[in-house]
2 protein chains.
Amino acid sequence: MAKAQKPTINDVARLSGVSKKTVSRVINKSPLLNQATREKVEAVIAQLDYVPNPQARALALRRNFLIGLIHDNPNAQMVLGVQEGILDTIRSTEFALVVRPVDRHSPTLLDDIHRFIEQQRLYGVMLLPPLSENDELARLCRDLGCTVVRMGSARLDDEAHLVASNDQEAVSEAVAWLAELGHTRIGFIAGPDGFRSARERELGFIAGMGRAGLTIDPALLARGNYQFESGHAAGQHLLGTATPPTAIFASNDEMAAGVLHAACERGLRVPHDLSIIGFDDTAIAAHIWPPLTTVRWPIRAMARTAALKLTRPETAARDAAFFPSELVRRASAVRAPS
Amino acid sequence: MAKAQKPTINDVARLSGVSKKTVSRVINKSPLLNQATREKVEAVIAQLDYVPNPQARALALRRNFLIGLIHDNPNAQMVLGVQEGILDTIRSTEFALVVRPVDRHSPTLLDDIHRFIEQQRLYGVMLLPPLSENDELARLCRDLGCTVVRMGSARLDDEAHLVASNDQEAVSEAVAWLAELGHTRIGFIAGPDGFRSARERELGFIAGMGRAGLTIDPALLARGNYQFESGHAAGQHLLGTATPPTAIFASNDEMAAGVLHAACERGLRVPHDLSIIGFDDTAIAAHIWPPLTTVRWPIRAMARTAALKLTRPETAARDAAFFPSELVRRASAVRAPS
DNA sequence: ACGCGGCTGGAAACCGGTGTCAAAACCCGA
DNA sequence: TCGGGTTTTGACACCGGTTTCCAGCCGCGT
């Protein structure tokens, strides 16, 4: 550990007999540069094992090589998946990931985020649902000079990048699967009002029922807020009706777990008496009993793509990237009781 | 948005009629400063709504106001809890949180982290288990000039801060609870070899059994790696013995869920035929059926304290902070079958 | 009245990069 | 050989703070 100091751009310049500016040009891959000079400087850089100081760059460029992950997401599995996906992309770059969990109901939300972005001079920000559905927030980030990627929202904003999965089709497929298993009385638990993902999944349910030639019984519709308790309540409600459903689709896994609780409390056997399907394939899906049939969407891969869009805005087209979801068939959905 | 520019230290200096240096002294609360001057400058700062530029500070100080969270933790719930706890503490400060999930088995781990810390010029780093048990890693961080907080490791390193819960006592209490419920054949699934937390919980089990006057049957001991599958396998093994246990303590919730699966597969009814207790009180504990009796430790509060130690090394004593865990009694542990 | 040490506060250099702009070097045909 | 146009390169200011070093001012002892 006798290493004196990290080499600076000045060291490189001196050793290769050029000016700082030229070294800077090499680093930034400026095109107007003699090939021979470039190679000479690159050799010195390699020899010294020189790495530009990000803090100095940040100061000069008024922009930090940080990408911010802003979220208010109850789904730990998903948030962590996103973090890992982003890291996959930026691990060997100069970028770093800074996270900022927030409370989306805080009245000072916009101010806080404004301050945060300005302070850290973020390069780009990534918004997770449900925050990604907040247009005002996206605009703020953009106005502050960040590239923005919104995840999982289904509308194409003209200025922000978008990375989404196709929830609607996936739910439709899940419903088709239930129909194929012989279910006709299928209950549906929607996500909270105002969430685009919730709306998409709802539309998927309607489409799926239509395609299967089934009618939708309004008595079999309920709404939750993506949290366990709300799924539990909705399940109790649905199962307490005169002619209860033989299958329930919940708009996310957590609510599906709630439904399972409700069923168990009533002495129903799952899946024998009631089939359940969830959405997200979070850790809980595979770990409850019976293992939950659910829809998996490739969080980590999506985050990788999103990070690419953030860190190489020039490379990535400013268009929506859609990722296919996949129905994971487990034991919680079986043939309808006859 | 007609705001011209963010005010700089020069603006403050000019408006208050002093030099940059004096302003800098005010910001850094230097003690050798005339009270009148200080107040004058502070007034201008408030009036301009001036915030020092962190990038410039980072450059000058050779140290960024970033704290790094380094982890390789399969427990999303816990990692996110830590992130939130840290944010609780640093939200209104100039600090930001940068995360770095890593692979603890990577041969380049130390190099990667070395580069990472050096590049970002981290102020402090926080190590989560199992990484927090890596002495070499902790030393590296320290040598690089970071304050270090290790979470959940039970040994006091003389140079790093430590924030831990008292796993041993908590497990002991859980075992006492099972004994009180009339269980005598109690199985134990240990965590992976080499994990301090695993060792602590093991010791807690032994102590608890001893205190309850029960003997430990080696046939009822198994080992997992904190993941679902290993708990599942261990459960199958334990339940397949000639005289299976009536209760099983798993060293974390995920493995407990695995045990539950194993029991269900064998047609056992939980908790009627088998009581199960887990550890961590992650989301899954409350969401499986039956709800899991488990040990809860105050992750978020611990992370808050840890962040305090990191950002105010001068305030916080360099000693271990211990947090009490609590047994959460749910439906998965009941009176032993007679 | 004078000299001296302790505080305050300012000028200028510095941290390690990037932008501007003009000079130097090079190319080619006339 | 020269002029004009096109690269290529370097000098220098700048980003917004901190640090070093020194001058000015003060009160105080003699």
Side-chain angles (χ1 to χ4, degrees), chain A residues 4-42 44-45 48-66 93-96 118-123 145, chain B residues 4-42 44-45 48-66 94-95 118-123 145:
Chain A
Q5 275 292 336
K6 291 205 66 173
T8 75
I9 197 173
N10 291 304
D11 301 327
V12 177
R14 190 156 23 75
L15 258 76
S16 46
V18 300
S19 75
K20 285 168 73 171
K21 183 61 213 182
T22 303
V23 178
S24 169
R25 288 206 179 92
V26 173
I27 297 169
N28 293 295
K29 308 202 198 312
S30 159
L32 20 70
L33 227 162
N34 187 311
Q35 189 58 29
T37 315
R38 170 177 318 236
E39 279 165 10
K40 189 175 55 180
V41 174
E42 274 171 350
V44 175
I45 289 181
L48 287 185
D49 195 22
Y50 163 73
V51 179
N53 178 324
Q55 281 71 47
R57 302 238 281 160
L59 178 57
L61 291 171
R62 282 87 162 271
R63 153 173 276 218
N64 224 327
F65 289 90
L66 292 178
T93 73
E94 64 201 318
F95 283 93
E118 212 159 56
Q119 265 241 348
Q120 300 300 329
R121 296 272 157 86
L122 295 187
Y123 190 95
Chain B
Q5 274 293 336
K6 290 206 67 173
T8 75
I9 197 173
N10 292 302
D11 301 328
V12 176
R14 190 158 22 79
L15 258 77
S16 44
V18 300
S19 75
K20 286 169 71 170
K21 176 60 208 182
T22 304
V23 179
S24 171
R25 285 209 181 93
V26 172
I27 296 170
N28 295 295
K29 308 200 197 314
S30 158
L32 19 71
L33 228 167
N34 189 313
Q35 189 58 27
T37 314
R38 171 181 317 252
E39 278 165 10
K40 188 175 54 180
V41 174
E42 273 171 350
V44 175
I45 289 182
L48 287 185
D49 194 21
Y50 164 72
V51 179
N53 177 324
Q55 281 72 47
R57 301 238 281 161
L59 178 57
L61 292 171
R62 281 88 161 278
R63 155 171 276 217
N64 224 328
F65 289 92
L66 292 178
E94 64 200 319
F95 284 93
E118 214 160 56
Q119 265 241 348
Q120 299 299 329
R121 295 272 159 85
L122 295 187
Y123 190 95

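Atom set for the values below is all heavy atoms of this structure, side chains included, hydrogens, waters and symmetry mates excluded. In what follows, chains carry the letters A, B, and so on, assigned in the order in which the sequence lines appear, proteins first and then strands, with residues in each chain numbered from 1.
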Novice: For the side chain of R121(A) and the backbone of L61(A), is there at least one donor-acceptor N/O pair under 3.5 Å apart?
Specialist: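 Judged by distance alone, no pair lies under 3.5 Å.
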
Novice: Short question: side chain of N53(B), backbone of Q55(B) - any donor-acceptor pair under 3.5 Å?
Specialist: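 Yes, the answer is positive, given that a donor and an acceptor are paired below the 3.5 Å cut-off.
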
Novice: Less than 4.0 angstrom between a side-chain N/O of S24(B) and OP1 or OP2 of dT18(D), yes or no?
Specialist: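 Yes, because at least one side-chain N or O of S24(B) sits under 4.0 Å from OP1 or OP2 of dT18(D).
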
Novice: Does the dG16(D) base have a donor-acceptor partner in the side chain of K20(B) within less than 3.5 Å?
Specialist: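 No pair found.
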
Novice: What bend angle does the helix from dA1(C)-dT30(D) to dA30(C)-dT1(D) show across its length, from five-pair end axes and to the nearest 10 degrees?
Specialist: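 Roughly 60°, once rounded to the nearest ten degrees.
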
Novice: From CD1 of I45(B) over to C1' of dG17(D), roughly how many Å is that when rounded to an integer?
Specialist: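 Roughly 13 Å, once rounded to whole Å.
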
Novice: Whole Å only: how far is the CD atom of Q119(A) from the P atom of dG17(D)?
Specialist: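 Distance check: Q119(A) CD to dG17(D) P gives 11 Å.
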
Novice: Could you check N28(B) against R57(B) for side-chain hydrogen bond (donor to acceptor under 3.5 Å, both in side chains), going step by step and ending with a plain yes or no?
Specialist: CA-CA 11 Å; N28(B) 295 295; R57(B) 301 238 281 161; 3.1 Å; yes

Novice: Once you apply a heavy-atom cut-off of 4.0 Å, does R62(B) come out as touching a base, just sugar-phosphate, or nothing?
Specialist: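 Contact class for R62(B): sugar-phosphate only.
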
Novice: T22(A) side chain to V18(A) main-chain N or O, any donor-acceptor pair under 3.5 Å?
Specialist: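 No; judged by distance alone, with no hydrogens or angles, the pair does not exist.
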
Novice: CG of N10(A) versus C1' of dC12(D): gap in Å, rounded?
Specialist: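 Nearest whole value for this atom pair: 13 Å.
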
Novice: How is L59(B) classified with respect to the nucleic acid when contacts are heavy atoms under 4.0 Å: base, sugar-phosphate, or nothing?
Specialist: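 Here L59(B) touches the bases of the nucleic acid.
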
Novice: Just to be sure I understand the rule, does V23(A) reach a base, reach only the sugar-phosphate, or reach nothing, if contact means heavy atoms closer than 4.0 Å?
Specialist: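 Counting heavy atoms under 4.0 Å across all strands, no contact is made by V23(A).
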
Novice: Whole Å only: how far is the NZ atom of K40(A) from the C1' atom of dT8(D)?
Specialist: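 Those two atoms, NZ and C1', are 12 Å apart.
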
Novice: Provide the start and end nucleotides, 5' to 3', of the part of DNA chain C that has atoms under 4.0 Å from heavy atoms of chain B.
Specialist: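 Range of nucleotides touched by chain B: dT8(C) to dG16(C).
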
Novice: Closest nucleotide of DNA chain C for G17(B) versus for N53(A): which of these residues is on the 5' side?
Specialist: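 It is G17(B), whose closest nucleotide lies nearer the 5' terminus.
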
Novice: Tell me, do L48(A) and D11(A) make a side-chain contact under 4.5 Å, heavy atoms counted?
Specialist: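 The answer is yes; the side chains approach within 4.5 Å.
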
Novice: State which residues pass side chain to side chain contact (heavy atoms under 4.5 Å, CB included) with Q119(A); sequence neighbours excluded, sorted by chain then number.
Specialist: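 Side chain to side chain contact (heavy atoms under 4.5 Å, CB included) check on Q119(A) returns V51(B), P54(B), E94(B).
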
Novice: Could you label the plane-to-plane angle of the F65(B) and F95(B) rings as parallel, tilted or perpendicular, counting under 30° as parallel and over 60° as perpendicular?
Specialist: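 Plane angle over 60°, so perpendicular.
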
Novice: Can you name the closest pair of heavy atoms from N10(B) and K20(B) and give their distance?
Specialist: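 So the minimum-distance heavy-atom pair works out to OD1-CD, 3.2 Å.
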
Novice: Hey, does the side chain of N28(B) come within less than 4.0 Å of dT18(D)'s phosphate (OP1/OP2), counting only N and O?
Specialist: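 For N28(B), the contact criterion (side-chain N or O under 4.0 Å from OP1 or OP2 of dT18(D)) is met.
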
Novice: If you compare every side-chain N and O of R25(A) against the phosphate oxygens of dT9(D) (OP1, OP2), does one of them come in below 4.0 Å?
Specialist: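 Looking at the OP1 and OP2 atoms of dT9(D), neither is under 4.0 Å from any side-chain N or O of R25(A).
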
Novice: Treating R38(B) as the side-chain partner and R25(B) as the backbone partner, does any N or O pair qualify as donor plus acceptor under 3.5 Å?
Specialist: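 Such a contact is absent between R38(B) side chain and R25(B) backbone.
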
Novice: Write down the distance between CG (L61(A)) and C1' (dG16(D)), rounded to a whole number of angstrom.
Specialist: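 That distance rounds to 14 Å.
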
